[in-house]
Trainee: 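Got a structure for you, written out below as structure tokens; questions coming shortly.
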There are 2 protein chains.
Amino acid sequence: MHTSCIIKHFENYSPLTERDRTLLASLEKSPRAYARNSVLWEQGEPSRHFYTVSKGWAYTYRNMHDGTRQVLDIYVPGDIVGLREFAFSHRITGLALLSDAELCAFPKTRLTDVFSQSLLLCNIFFMIAARDQAILLERLVNLGRRSAREKVAHFLVEIAERLKKTDVDTSGNLRLPLPQVLLADALGLSVVHINRTLKELKNDNLLLPTNGGVELLNIKALEEVAGFDPGYLEENIDDMLDHAREAQLRIDAAFTNADDNSEE
Amino acid sequence: MHTSCIIKHFENYSPLTERDRTLLASLEKSPRAYARNSVLWEQGEPSRHFYTVSKGWAYTYRNMHDGTRQVLDIYVPGDIVGLREFAFSHRITGLALLSDAELCAFPKTRLTDVFSQSLLLCNIFFMIAARDQAILLERLVNLGRRSAREKVAHFLVEIAERLKKTDVDTSGNLRLPLPQVLLADALGLSVVHINRTLKELKNDNLLLPTNGGVELLNIKALEEVAGFDPGYLEENIDDMLDHAREAQLRIDAAFTNADDNSEE
DNA sequence: CGCCGCGTTGAAGAAAATCAAAGCACGTGG
DNA sequence: CCACGTGCTTTGATTTTCTTCAACGCGGCG
């Protein structure tokens, strides 16, 4: 069976049964290609689907009344987009692409089906939601209490760290397709200031601004600059998942017993 | 049956069956009182429990290496604290109290049990997690792209809005127990600047800084100042919950059928 | 009384925004 | 192959916003 991107992502958390894998794969059935800079939706539109990212980079944003915007989150392959709109009938942020990309849509109600069929997947989804929150939290700390230099370093390092968990090779230099406007809008700074900050970091041989992106030259040193503590990306969940698997077994057993009895 | 705080909170989302109510009530069994300024935990400590807030105000924070801190979230009665640590073995933020308060601890694994026993509650928990994310998101926008004046107004108005959904009467003036240091650390500003901004808003008759708190005089006008759009607090979830209830019925039916058959 | 936590005020300085103008890479069409 | 436009980046000069430092006020409480 083809190991889809989302399955790989989930198997970071826990080994899956064949049933779980099939169930998950059903969320990544009809990948569709989109071009760089496509806008998949704008804030305010009805939100009936989640998306899984199988190729490329995306970001969510919020347009402000005064014409500025705030970029809220970056998505790389394996990520799930739109989970936070589970409770909302309309998009609370827009979604656009940083590169050519491939995404799969699936209806929100599908998620409830998955919950009802696999307690383990249900728990993993909850963990992903928790992790998403941890990332937002860290971004909040970043915006609230760090200097421009630290902000930039931290933001870049976090993304590099997240890429490590996917298929990407981060041993050499790592090129991130993040234009300077995006950094500005993500970090709440002006483009001009981002530019100057990048120049500074470039002079220190930490990175290299390329056209339409940034190349990281020394991730270790950048982590130093950022005061980066990867704790918020390192889930530790074995206890929880053991518990979930046991509960799943009990459920299955209950069903099987009932069935067995009924077939006697 | 005594209607606990968390049940009231959940019934904002959906009517509950008696079974669901019992299940939920089990999460609010042993309320314990804590004094103002108590620290319930520090970042880095092991995290084995969630807490439900039944009385009083709490907040999470992160201490920075340079001695500053970032306040991340405010909790009022009915809220659940620690959901975002579902995926983490250790606390990623500290928790402290703004007022005398009453909270109930329950082990994280208890949540998985609830998931396994009620699909509806599972969905509602997921919605609460989504809503928590939406709140963090809005706070991010606040820190990234708004002036000090807007930040303060938006922060205060959001909390007022959230209080409306609990038992609190927000028709008259509303006193929030938020000292100026807390506002500063929540909004990424200095205490001095918070002070000046509050003075400004006071001159405009929008609020009144009292000792250790802020009294809101004109919420409508404050919303104006903040450019407040309550969309991110207004879940619309009936479709989703209908779907969950139907799925729950199917599961129950399957069990009952199996049982019936086995008893024939 | 005297101390402590919190709020208030003024003056000076730093960080980042804004304004305005070029520069540079890349693709497109003549 | 070159001219041209467009999107992104770069730079300098100026202004704004917010911070820092330092001091003082003020109510509560042992």
Trainee: Should the pair A:Arg162-A:Glu234 be classified as a salt bridge under the 4.0 Å nitrogen-to-oxygen rule?
Mentor: no

Trainee: For B:Asn203 and C:dT8, what is the distance between atoms CG and P respectively, to the nearest whole Å?
Mentor: 12 Å

Trainee: Would you check if A:Arg131 and A:Glu235 make a side-chain contact, meaning some heavy-atom pair closer than 4.5 Å?
Mentor: yes

Trainee: Using only side-chain N and O atoms of B:Lys199, determine if any of them is under 4.0 Å from OP1 or OP2 of C:dG7.
Mentor: no

Trainee: Output the rounded distance in Å from CG (A:Leu207) to P (D:dT9).
Mentor: 13 Å

Trainee: What is the separation between atom CD on A:Glu150 and atom P on C:dA16, rounded to the nearest whole Å?
Mentor: 9 Å

Trainee: Could you give the CZ-to-P distance, from B:Arg36 to C:dC4, as a whole number of Å?
Mentor: 17 Å

Trainee: Do you know which of B:Lys108, B:His90, B:Glu85, B:Arg84 makes side chain to side chain donor-acceptor pair (under 3.5 Å) with B:Ser47?
Mentor: B:Lys108

Trainee: Output the rounded distance in Å from CZ (B:Arg146) to C1' (C:dA17).
Mentor: 18 Å

Trainee: When you compare the side chains of B:Glu158 and B:Tyr232, does any donor N or O come within less than 3.5 Å of an acceptor on the partner?
Mentor: yes

Trainee: Can you find a side chain N or O atom of B:Gln180 that sits less than 4.0 Å from OP1 or OP2 on C:dT8?
Mentor: yes

Trainee: Take nucleotides 25-30 of chain D nucleotide by nucleotide from the 5' end and write B, S or -, depending on whether a protein heavy atom sits under 4.0 Å from the base, only from the sugar-phosphate, or from neither.
Mentor: ------

Trainee: Which residues in residues 182-198 of chain B have at least one heavy atom lying under 4.0 Å from any atom of DNA chain D?
Mentor: B:Gly188, B:Leu189, B:Ser190, B:Val192, B:His193, B:Arg196

Trainee: Mind checking whether B:Phe86 and B:Phe50 have parallel, tilted or perpendicular rings, split at 30° and 60°?
Mentor: parallel

Trainee: I'd like to know if A:Lys220 pairs up with A:Glu224 as an ion pair, taking the criterion as any Lys NZ or Arg NE/NH1/NH2 lying under 4.0 Å from an Asp or Glu carboxylate oxygen.
Mentor: no

Trainee: Between A:Asp185 and A:Arg69, does any side-chain N to carboxylate O distance fall below 4.0 Å?
Mentor: yes

Trainee: Using a strict threshold of under 4.0 Å (side-chain N to carboxylate O), is an ion pair present between A:Asp100 and A:Lys55?
Mentor: no

Trainee: Rounded to the nearest 0.5 Å, what separation is found between the CG atom of A:Leu176 and the CG atom of A:Leu98?
Mentor: 10.5 Å

Trainee: How many whole angstroms separate atom CZ of B:Arg145 from atom P of C:dA17?
Mentor: 7 Å

